[in-house]
Amino acid sequence: MTDPYYVTTPIYYVNDVPHIGHAYTTIAADVLARFFRSAGRDVRFLTGTDEHGVKIFKAAAEKGKQPRELADEVVEHFRRLWKELEISNDDFIRTTEPRHEARVREIVRRLVERDEIYLGKYEGWYDEGQEEFVTESTARANDYKSAISGRDLVRYSEPSYHFRLGKWAPKLIEHIENNPRFIQPDARRNEVLSKLRQGVEDLCISRQKQKLPWGVQMPNDPDHVVYVWVDALSNYITALGIPDIGDEHDGEHAKYWPADVQLIGKDILWFHAVYWPCLLMALDLPVPNCVFAHGWWTSEGRKMSKSLGNFISREVIAEICGDYSVDVFRYYLLRTVAFGADGDFSHEDLRQRYNGDLANGVGNLLARTVNMIVSYFDGKVPEPGEPGVDEREVAGAAEDLTSSAEQAIELCRFHLLLDKVNALADATNRYIDSTQPFKLAKDPEQRERLGTILYTCAEAVRLVLVYLQPVMPATARRGLEQLGATGPDRPLAETGAWGALAPGTPVHKGESLFPRKT
RNA sequence: GGCGGCGUAGCUCAGUCGGCAGAGCAGGGGACUCAUAAGCCCCGGGUCACUGGUUCGAGUCCAGUCGCCGCCA
């Protein structure tokens with residue numbers, strides 16, 4: 001009935017503990033999910049964890065644990081962080097879950113059946129000390145020696161299954177050319193296209209079980225285990241109950257596929273922009289509408305590193321959220337840098353952003369508006385008269401926001417939306433200074449005019465808060481409560497339009513939304 | 001080495017079809033007071049990296065140079 005909307009984050013590898021990069025992707029996805037929910041779309045938002053692989057197996061062994069045990073522990077760090085950051089995911093998939101593993105086997109089975117997979121030979125570099133495969137580019141970068149032990153890498157060859165990636169490449173190129181939105185931003189799209197045009201080889205999708213003991217066994221060959229690509233990438237559909245395998249999840253959420261947008265970091269673009277769509281084409285499934293690769297964060301001007309002490313871990317995020325709030329952290333990440341570009345996180349920049357945009361801008365506007373309505377209209381939103389020229393600038397800023405918000409979000413232009421939100425708050429602050437309601441209040445003859453002005457202010461702040469809501473859910477709600485504008489959930493088509501605030505609505509002063517930081 | 005992108009005010013960046021260089025922040029000054037000493041108003045000659053070209057006119061188009069970055073080899 002309603003229009004489905006499906007957004008995904010990558011599944012995060014449990015070898016790593018969560019940091020700002022994970023938080024960034026997931027917050028962005030959450031904002032998309034919240035926005036489109038409020039717009040009345042039927043939203044599904046998926047995140048999860050990638051739990052197979054040699055690294056996990058070894059890390060667990062070192063700690064004397066079973067891989068699954070280790071994963072169970074690490075996954076909690078992610079779950080807890082998502083909870084702390086107000087992430088509203090509808091599902092959380094782990095690659096070690098039966099619903100996923102069984103579907104991975106089915107996917108492989110289908111690929112074999114369609115002759116999309118054949119037994120070939122894997123050749124590559126292997127680090128014997130680390131018991132890890134090393135890609136050609138990494139090997140070259142390290143002069144064909146182990147990055148850890150310095151020992152020579154060994155040339156390794158073993159039978160393995162290959163996916164006919166090359167066969168699908170021309171079709172993919174065509175698709176990318178015809179669908180500019182498929183890979184975003186454009187610079188990334190160009191990179192993928194030019195690399196594709198240089199030609200691609202088939203993709204090795206299995207490893208021998210003895211080398212990769214922790215993974216999904218190939219259904220057609222007990223000596224082989226599914227390598228990361230098919231295992232991890234397929235989570236986006238297995239979580240929806242695709243394909244059918246005869247369990248209770250079959251087709252459960254199949255209506256959400258294809259995904260509207262799949263958010264990823266730029267480091268995993270190639271896999272998502274090439275391997276994944278080709279696998280889908282081979283399975284005769286539609287490819288996602290958009291794969292959006294965002295940038296990376298540096299911290300205090302330098303690459304994040306634990307030794308430099310600028311690493312933004314889950315603990316540091318918790319500190320920042322404690323100093324400000326979760327919502328402010330979310331706001332900062334999305335406001336400071338255009339989604340897709342790299343950004344730098346700095347405490348000083350955060351403080352300035354906070355004071356400038358939020359405390360002095362939105363927060364102060366709400367405070368002065370509510371205060372005047374309380375003082376001059378007994379705390380009830382006044383009836384507006386006919387708007388005049390003074391109202392034009394505010395109305396224009398509001399129109400600009402309401403008319404472009406959905407498209408900005410659709411294209412993941414979070415900073416643009418926030419920019420327009422701030423522009424409306426700024427226009428309204430200027431409006432108060434130019435119309436001087438606090439002076440008109442002294443003149444009983446100006447009662448109607450005063451009402452128009454304060455209604456205009458209240459309505460403008462309300463819109464500011466409504467459009468801030470997907471990014472700052474809890475804070476926006478507190479602000480809306482002060483305006484008496486909470487009520488039962490109504491679609492954005494109503495709440496997001498000028499005039500939804502009913503005259504007579506009681507307002508009340510509350511705590512500062514954003515107390516100024518010194 | 002190949003392909004692509006970028007280089008604009010102290011900082012971060014906008015500049016669509018070529019038509020008198022912009023915003024935010026920071027900094028300086030001012031008038032006010034509803035408000036979180038917040039808000040508002042005023043103050044920006046910056047070789048638009050460099051060189052050459054096309055054009056009546058180039059930040060914008062073309063060629064080259066330098067620097068930075070990305071992808072690939």
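By convention in this document, chain letters (A, B, ...) are assigned in the order of the sequence lines, proteins followed by strands, and residues within each chain are numbered from 1.
Nearest-nucleotide positions on RNA chain B place A:A187 closer to the 5' end than the other of A:G361 and A:A187. In terms of position on RNA chain B, the residue among A:S434 and A:V192 whose nearest nucleotide sits closer to the 5' end is A:S434.
A:R188 comes within 4.0 angstrom of the backbone, heavy atoms only, and of no base. Within 4.0 Å of A:R430, counting heavy atoms only, lie sugar-phosphate atoms of the nucleic acid but no base atom. Contacts of A:G363 with the nucleic acid, taken as non-hydrogen atoms under 4.0 Å apart, include base atoms. Backbone-only contact: A:Y376 has heavy atoms under 4.0 Å from sugar-phosphate atoms and none from a base. As judged by a 4.0 angstrom heavy-atom cut-off over every strand, A:L365 is placed among residues making no nucleic acid contact.
With distances taken from any side-chain atom of A:A367 to the nucleotides B:U36, B:C41, B:U33, the minimum falls on B:U36. The side chain of A:Q352 approaches B:C25 more closely than any other nucleotide in the set B:G39, B:C72, B:C25. Closest to the A:N364 side chain, of the nucleotides B:C34, B:C72, B:G39, is B:G39. Counting only heavy atoms from C-beta on, A:E191 has its side chain closest to B:G70 among B:G39, B:U33, B:G70. Minimum atom distance to the side chain of A:I432 is reached by B:C34, of the listed B:C34, B:C32, B:U36. Candidate nucleotides B:C40, B:U36, B:C71 were compared by shortest atom distance to the side chain of A:K195, and B:C71 ranks first. When each of B:U36, B:A35, B:C71 is scored by its nearest atom to the side-chain atoms of A:R368, the top-ranked nucleotide is B:A35.
Across all strands shown, B:C48 forms no Watson-Crick or G-U wobble pair with both distances under 3.5 Å. The base-pairing partner of B:G18, taking Watson-Crick or G-U wobble contacts with both distances under 3.5 Å, does not exist among the strands shown. Across all strands shown, B:A58 has no partner, as no Watson-Crick or G-U wobble contact with both distances under 3.5 Å is found. Nucleotide B:C40: paired with B:G30 (Watson-Crick or G-U wobble, both distances less than 3.5 Å). Using N1 to N3 plus N6-O4 or O6-N4 for Watson-Crick, or N1-O2 and O6-N3 for G-U wobble, each under 3.5 Å, B:C11 pairs with B:G24. Remark: B:G70 base-pairs with B:C3. Criterion, Watson-Crick or G-U wobble with two distances under 3.5 Å.
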key: Pair A:W168-A:E116, side chain to side chain contact (heavy atoms under 4.5 Å, CB included): steps then yes or no   = CA-CA 10 Å; A:W168 294 99; A:E116 295 291 350; 2.9 Å; yes
inquiry  = Applying side chain to side chain contact (heavy atoms under 4.5 Å, CB included) to A:Y431 and A:E393, what does each step give before you reach the verdict?
reply    = CA-CA 8 Å; A:Y431 171 71; A:E393 202 199 338; over 6 Å; no
request  = Might you work through the side chain to side chain contact (heavy atoms under 4.5 Å, CB included) test for A:L417 and A:L401, ending with a clear yes or no?
outcome  = CA-CA 7 Å; A:L417 173 80; A:L401 170 63; 4.0 Å; yes
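We find that CZ of A:R197 is positioned 12 Å from C1' of B:G4, with the value rounded to whole Å. Between the CG atom of A:N371 and the P atom of B:U36 there is a distance of 7 Å, given to the nearest Å. Between A:L269 atom CG and B:G4 atom C1' the separation is 14 Å, expressed in whole Å. Note: OH (A:Y332) to C1' (B:C25) measures 12 Å, nearest angstrom. Straight-line distance from the CG atom of A:L416 to the C1' atom of B:C13: 13 Å, rounded to whole Å. Rounded to whole angstrom, the span from the CD atom of A:E511 across to the P atom of B:A35 amounts to 18 Å. Going from atom CG of A:D426 over to atom P of B:G24 covers 8 Å, rounded to whole Å. Between A:K303 atom NZ and B:C69 atom P there is a gap of 13 Å when expressed in whole angstrom units.
Comparing B:G18 with B:A23, their P atoms sit 23 Å apart, to the nearest whole Å. Separation of the C1' atoms belonging to B:U54 and B:A58 is 10 Å when rounded to the nearest angstrom. Distance check on atom P: B:A21 versus B:U47 gives 14 Å, rounded to whole Å. Using atom C1' as the reference point in both B:U55 and B:C17, the two lie 16 Å apart (nearest Å). Between the P atoms of B:C43 and B:C3, the separation comes to 48 Å (whole Å). Nucleotides B:C13 and B:G44 have their C1' atoms positioned 16 Å apart, rounded to a whole Å. Only the C1' atoms considered, B:U8 is 10 Å distant from B:A14, to the nearest whole Å. Of the C1' atoms belonging to B:G7 and B:G59, the separation is 12 Å, rounded to the nearest Å.
In summary, the aromatic rings of A:H272 and A:Y236 are positioned with their centroids under 6.0 Å apart.
The structure places CZ of A:F377 at 4.0 Å from CZ of A:R447, a figure rounded to the nearest 0.5 Å.
Geometric assessment of A:K211 against the ring of A:Y122 yields a negative cation-pi assignment under the 6.0 Å and 45° thresholds.
Few gaps surround CD on A:E348; more than 12 heavy atoms of other groups in view lie less than 6.0 Å from it.
Pairing each heavy atom of A:T25 with each of A:I264, the nearest pair is CG2-N, 4.4 Å.
At B:U36, none of the side-chain N or O atoms of A:N360 fall inside 4.0 Å of OP1 or OP2 (strictly under the cut-off). Here A:N429 does not reach the OP1 or OP2 of B:C40: none of its side-chain N or O atoms lies under 4.0 Å away.
One N or O donor and one acceptor, one from the side chain of A:D433 and one from the base of B:G39, sit under 3.5 Å apart.
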